[in-house]
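Each remark here refers to the structure printed beneath this line.
Proteins come first, then strands; the chains are lettered A, B, ... in the order of their sequence lines, and each starts at number 1.
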Protein chains: 2
Amino acid sequence: MLSFAILELLHRKPLSGYDLRKRFSGSITFFWKAGHSQIYPELKRMEREHLVVSRRVTHPYRPAKKVYAITPEGEEALRQWLGEAPALQPIKDEMLLKCFAFHLLEPEQADQQLAHHAELHERRLNHFLETRRWLTERHGPLPTTRDPIVFWNAMTLERVIEFERSYVEWCRSALTLHREFLARMTNGQAGADAGVGEQA
Amino acid sequence: MLSFAILELLHRKPLSGYDLRKRFSGSITFFWKAGHSQIYPELKRMEREHLVVSRRVTHPYRPAKKVYAITPEGEEALRQWLGEAPALQPIKDEMLLKCFAFHLLEPEQADQQLAHHAELHERRLNHFLETRRWLTERHGPLPTTRDPIVFWNAMTLERVIEFERSYVEWCRSALTLHREFLARMTNGQAGADAGVGEQA
DNA sequence: TAGGAATAAGTCAGAAGTGACATAGGCCAT
DNA sequence: ATGGCCTATGTCACTTCTGACTTATTCCTA
């Protein structure tokens, strides 16, 4: 999988391992991330398999770098992979796993965690919104682009923005519902089903 | 991480490896999944570390099973983990990675993939909605529960339902926008910026 | 009576991913 | 001149995860 992400980036423009590393912890992080300890060995493997070629580039006052470019074979592999329908991603979310177990925690601690997580996602949301602003400034209003690359970039961005937006919303609504739940518990402590009767 | 998911389930009720495996490919799949080749060794490791204890249970007409139960040490570990704030999950989604590269594909192929993916997520959404119906039938309308376990179960479910809903919506809107994009391309082929003028 | 499904428990090789460690030159500020 | 940051490339040990293979019993159906 990582190899295809690399191929896609190299298809746009030849890059060094260092450049790739910056992308995988920067703009591309929306949908894929990788550390440099994964990238360098992967590039070597890909060169062995002729998907990419490297060229040594020396710079008067910088360490030499190896700039990788995609080969026709690499492009072929990329297109082939693109044609296959991806399977559903399994959802793996530590926060949800914890949420599932929150009944073991003091209610205030659960609230605290929800509030904190809302903040984390909101921060990432703002980052994505900024990226969108930046994209719009460079390429004009996105619904009118004529560049397929910009178009699909924008579509990808929309998805992660929507993801973060709905996550933040969920945290907030869970907080509200939890407070209501607690109020229900302290109000009519006696009858186990009092709340149901009141609502009906 | 897997160990905490296991501890949480064992806290509810002692289970065999086989039972756990069913949960990790069934109801619990919303937010965590694991194969049995992960579960069995993990249980052994956890028993070595005294987080769980196993008891051999023989059954007249079934293979013998090992039923695992959480220990006080295990519960302590679970509570401690629960108290720590989880970090943001990195988003890793093969579909989004492909979407980012769709400019390399024939437009019809991109449409096909989006439509197919919408269907996959819709199917999962329907599955979650059914789970919610089932939960409501058993425990009454969720906003009025008095059981913390049911409450947090419901909250977790709400999140994954919202996730799937927004994913399906995104697929559909991307499809629509893509068709508009293509129309814009074939309409005013000549001027590179004709579309912008028309919109303004 | 043969085969399939469900119950039950594993192993193992390999891929993927993480975090720490290692090295090295140049730039800039204190 | 010393320390910290940026460029630049790597290794290594470890954990996690995946998919395939293995074994055994019982129950039901064709």
Item checked: A/Y167 ring center within less than 6.0 Å of A/H117 ring center -> yes

Next item on the list: Examine A/R45 relative to A/Y68 and say whether NZ or CZ is less than 6.0 Å from the centre of the six-membered ring and inside a 45° cone about the ring axis.
Entry: no

Item checked: Length of the CD-P vector between A/E49 and C/dA15, whole Å -> 10 Å

Next item on the list: For B/A64, report the nucleic acid contact type (base, sugar-phosphate, nothing); a contact means any heavy atom under 4.0 Å.
Entry: sugar-phosphate

Item checked: Phosphate OP1/OP2 of C/dG17: any B/K92 side-chain N/O under 4.0 Å -> yes

Checklist line | Selection from C/dG10, D/dT9, C/dG26 that lies nearest to any side-chain heavy atom of B/Y68 | finding: C/dG10

Next item on the list: Write down the distance between CZ (A/R62) and P (D/dA8), rounded to a whole number of angstrom.
Entry: 6 Å

Checklist line | Under-4.0 Å side-chain N/O to phosphate OP1/OP2 contact, A/K33 with C/dG17 | finding: no

Next item on the list: Give, for atom CD1 of A/I70 and atom CE of A/M46, the distance between the pair rounded to the nearest 0.5 Å.
Entry: 7.5 Å

Check: How close or far is atom C1' of C/dT18 from atom CH2 of A/W32, stated in whole angstroms?
Finding: 15 Å

Next item on the list: For A/E94 and C/dG17, give me the distance from atom CD to atom C1', rounded to whole Å.
Entry: 16 Å

Notebook entry, point to check: Does anything in residues 35-46 of chain A reach DNA chain C, meaning a heavy atom under 4.0 Å, and if so which residues?
Noted result: A/S37, A/Q38

Notebook entry, point to check: Rounded to whole angstroms, how far apart are CD1 on B/I6 and C1' on D/dT16?
Noted result: 13 Å

Margin query: Does either side chain, that of A/D111 or that of A/H178, offer a donor lying less than 3.5 Å from an acceptor on the other one?
Written below: yes

Next item on the list: Output the residues of residues 7-31 of chain A in contact with DNA chain C, where contact means a heavy atom of the residue under 4.0 Å from an atom of the strand; sort by number or write none.
Entry: none

Margin query: Without decimals, in angstroms, what is the distance between B/L97 CG and C/dA16 P?
Written below: 14 Å

Check: Checking A/T71 side chain against A/H50 main chain: does a donor-acceptor pair fall under 3.5 Å?
Finding: yes

Checklist line | Upstream residue (5' side of DNA chain C) when B/H59 and A/M1 are each assigned their closest nucleotide | finding: B/H59

Checklist line | Lys/Arg cation over aromatic A/F100: B/R12, 6.0 Å, 45° cone | finding: yes

Margin query: Here's one to test your reading of the geometry: is the NZ or CZ of B/R132 within 45 degrees of the ring axis of B/F30 and under 6.0 Å from its centre?
Written below: no

Notebook entry, point to check: Taking the six-membered ring of B/W81, is the NZ or CZ of A/K98 close enough (under 6.0 Å from the centre) and on axis enough (within 45°)?
Noted result: yes

Next item on the list: Report yes or no: is the cationic atom of A/R79 (NZ for Lys, CZ for Arg) closer than 6.0 Å to the six-membered ring centre of B/F102, at no more than 45° off its axis?
Entry: no

